[in-house]
Amino acid sequence: MGKAFDKLLPEHEEFIGRQHMFFVGSAPLTAEGHVNISPKGYDTFRILSNQEVAYLDLTGSGNETSAHVLENGRMTIMFIAMEGKPVIMRLFGTGKVVLPGTERWNELIGRFELLPGARQIIVLDIHKVTTACGFSIPFYDYQGEREQLKDWAEKVGDQKLTDYQNEKNSYSLDRLPTPLGIQRQTAET
């Protein structure tokens, strides 16, 4: 059944490498705030060490994880096996947002394919890894990536993408600021 670890083991890294999708969970501190769970795709996940992982975060209709991580750092990443042996793996830790133009961005971005619409890198410092059986998870067959998000970001162009991010990605649903919103606000003043 369930097991807990204080870092990623080689078999965990191998399992992660086979997955095509992962989920990110975060929440604000206030009890009235919205808990967020975001599915992530494409080849955007990287293992930096056995206690640090990161993913390239693309422009979307919201930016909840970024706001929550700025407020309190709490974040969980979950992988589920849709093929093969049933496994659920969760990475618990403290998240950080890395914005373009920063020293850390320059250090990390070479590990990723720079996809259209990339807005930030989210890094997780892991303090616990858990695995569970996943016996109830159904089988699904991977058929390929959806190209719509990349196509949309290329089509709208840099200026409209920036305008969209300013409108949709500067605050969370609960009106918490995001690092992207703060950076843009600071640049305007």
Side-chain angles (χ1 to χ4, degrees), residues 4-29 33-80 88-131 149-150 153 161 165 168-172 176-187:
F5 310 86
D6 62 359
K7 62 185 176 185
L8 289 170
L9 300 178
E11 58 264 32
H12 300 148
E13 294 183 24
E14 192 270 327
F15 170 76
I16 289 168
R18 291 193 317 268
Q19 305 315 305
H20 301 287
M21 179 172 69
F22 59 98
F23 299 86
V24 178
S26 64
L29 292 176
H34 292 83
V35 175
N36 184 63
I37 302 169
S38 294
K40 304 293 180 184
Y42 299 128
D43 181 24
T44 58
F45 192 85
R46 298 293 180 270
I47 297 171
L48 306 178
S49 74
N50 62 9
Q51 289 195 288
E52 187 177 47
V53 296
Y55 68 91
L56 183 64
D57 190 54
L58 306 178
T59 300
S61 59
N63 200 3
E64 300 303 298
T65 302
S66 180
H68 298 160
V69 164
L70 178 64
E71 183 196 40
N72 62 60
R74 296 179 307 158
M75 189 171 83
T76 301
I77 296 175
M78 182 178 76
F79 296 90
I80 56 175
I88 300 169
M89 179 181 292
R90 291 178 182 90
L91 311 178
F92 298 93
T94 303
K96 296 182 198 96
V97 177
V98 178
L99 295 175
T102 64
E103 186 176 323
R104 182 72 191 216
W105 172 274
N106 294 335
E107 174 191 323
L108 293 175
I109 194 60
R111 294 175 177 252
F112 300 93
E113 175 187 352
L114 186 56
L115 298 174
R119 63 181 172 188
Q120 57 206 358
I121 297 171
I122 308 289
V123 176
L124 181 68
D125 292 325
I126 299 168
H127 67 257
K128 183 180 282 190
V129 176
T130 64
T131 59
L149 183 61
K150 292 190 287 187
L161 190 59
Q165 289 173 345
K168 303 280 189 181
N169 298 166
S170 293
Y171 292 92
S172 73
L176 293 173
T178 67
L180 188 65
I182 291 169
Q183 180 189 56
R184 299 228 167 114
Q185 228 174 28
T186 303

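Note that this is a predicted model, so its numbers are computed, not measured. Side chains included, hydrogens not; waters and symmetry mates left out as well; all remaining heavy atoms used.
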Quiz prompt | side chain to side chain contact (heavy atoms under 4.5 Å, CB included) assessment of Leu9 paired with Val129 | solution = CA-CA 9 Å; Leu9 300 178; Val129 176; over 6 Å; no

Quiz item: Going by heavy atoms in the side chains, are Tyr42 and Leu56 under 4.5 Å from each other?
Solution: no

Quiz prompt | Audit row: Val123, Leu108, side chain to side chain contact (heavy atoms under 4.5 Å, CB included) steps and yes/no | solution = CA-CA 10 Å; Val123 176; Leu108 293 175; 3.7 Å; yes

Exercise. Of all the heavy-atom pairs spanning Asp43 and Arg46, show the shortest one and how long it is.
Key: OD1-NH1, 3.0 Å

Quiz item: Which pair of heavy atoms, one from Pro116 and one from Leu58, lies closest together, and at what distance?
Solution: O-CD2, 4.2 Å

Quiz prompt | Nearest-0.5 Å distance, OG1 of residue Thr76 to NZ of residue Lys128 | solution = 10.5 Å

Practice problem: Would you kindly check if the NZ (Lys) or CZ (Arg) of Lys40 is within the cone defined by 45 degrees around the ring axis of Tyr55 and under 6.0 Å from the six-membered ring centre? | Solution: no

Quiz item: Any side-chain hydrogen bond (donor to acceptor under 3.5 Å, both in side chains) pairs touching residues 99-114, not counting sequence neighbours?
Solution: Glu52-Arg104

Quiz prompt | Donor-acceptor contact present, side-chain Gln51 to main-chain Asp6, <3.5 Å | solution = yes

Quiz item: Do Leu180 and Val97 touch side chain to side chain, with heavy atoms closer than 4.5 Å?
Solution: no

Quiz item: Any donor-acceptor pair under 3.5 Å linking the side chain of Glu71 with the backbone of Leu29?
Solution: yes

Quiz item: Gly117 and Ala153: which non-hydrogen atoms are nearest, and at how many Å?
Solution: N-CB, 3.7 Å

Quiz prompt | Atom pair CZ (Arg119) and CG (Asp57), whose distance is rounded to the nearest 0.5 Å | solution = 4.0 Å

Exercise. Kindly say whether the aromatic ring centers of Phe79 and Phe22 come within a distance under 6.0 Å.
Key: yes

Quiz item: Step by step, would you call Ile126 with Lys7 a side chain to side chain contact (heavy atoms under 4.5 Å, CB included)?
Solution: CA-CA 7 Å; Ile126 299 168; Lys7 62 185 176 185; over 6 Å; no

Quiz prompt | Within residues 16-29 or reaching into it, pairs that qualify as side-chain hydrogen bond (donor to acceptor under 3.5 Å, both in side chains) - sequence neighbours excluded | solution = Glu14-Arg18, Ser26-His68

Practice problem: Compare every heavy atom of Ser49 with every heavy atom of Ile47, then report the nearest pair and how far apart it is. | Solution: CG2-O, 3.3 Å

Quiz item: Would you say Ile182 has more than 12 foreign heavy atoms packed within less than 6.0 Å of its CD1?
Solution: yes

Practice problem: Identify the two heavy atoms, one from Gly33 and one from Pro28, that lie closest to each other, and give their separation to 0.1 Å. | Solution: CA-CG, 3.5 Å

Quiz prompt | Nearest heavy-atom neighbours spanning Leu115 and Lys150 | solution = CD2-CD, 3.8 Å

Quiz item: Which value, rounded to the nearest 0.5 Å, describes the distance between Gln120 atom CD and Lys96 atom NZ?
Solution: 14.5 Å

Practice problem: Determine whether Ile77 and Leu124 make a side-chain contact, defined as any pair of heavy atoms from C-beta on separated by less than 4.5 Å. | Solution: yes

Practice problem: For residues Leu91 and Leu8, determine if any side-chain heavy atom of one lies less than 4.5 Å from a side-chain heavy atom of the other. | Solution: yes

Quiz item: Could you give the distance from CG (Leu70) to OG1 (Thr178), rounded to the nearest 0.5 Å?
Solution: 8.0 Å

Quiz item: Can you check whether Ala27's main-chain N or O pairs, donor with acceptor, with Asn72's side chain at less than 3.5 Å?
Solution: yes

Quiz item: Taking atom OG1 of Thr130 and atom NE2 of His12, what is their separation to the nearest 0.5 Å?
Solution: 9.0 Å

Practice problem: Enter the distance from Asp125:CG to Met75:CE here, rounded to the nearest 0.5 Å. | Solution: 9.0 Å

Quiz prompt | Backbone N/O of Arg74 and side chain of Thr94: donor-acceptor pair under 3.5 Å | solution = no

Quiz item: Ignoring hydrogens and geometry, is there a side-chain-to-backbone donor-acceptor pair from Asn169 to Gly60 under 3.5 Å?
Solution: yes

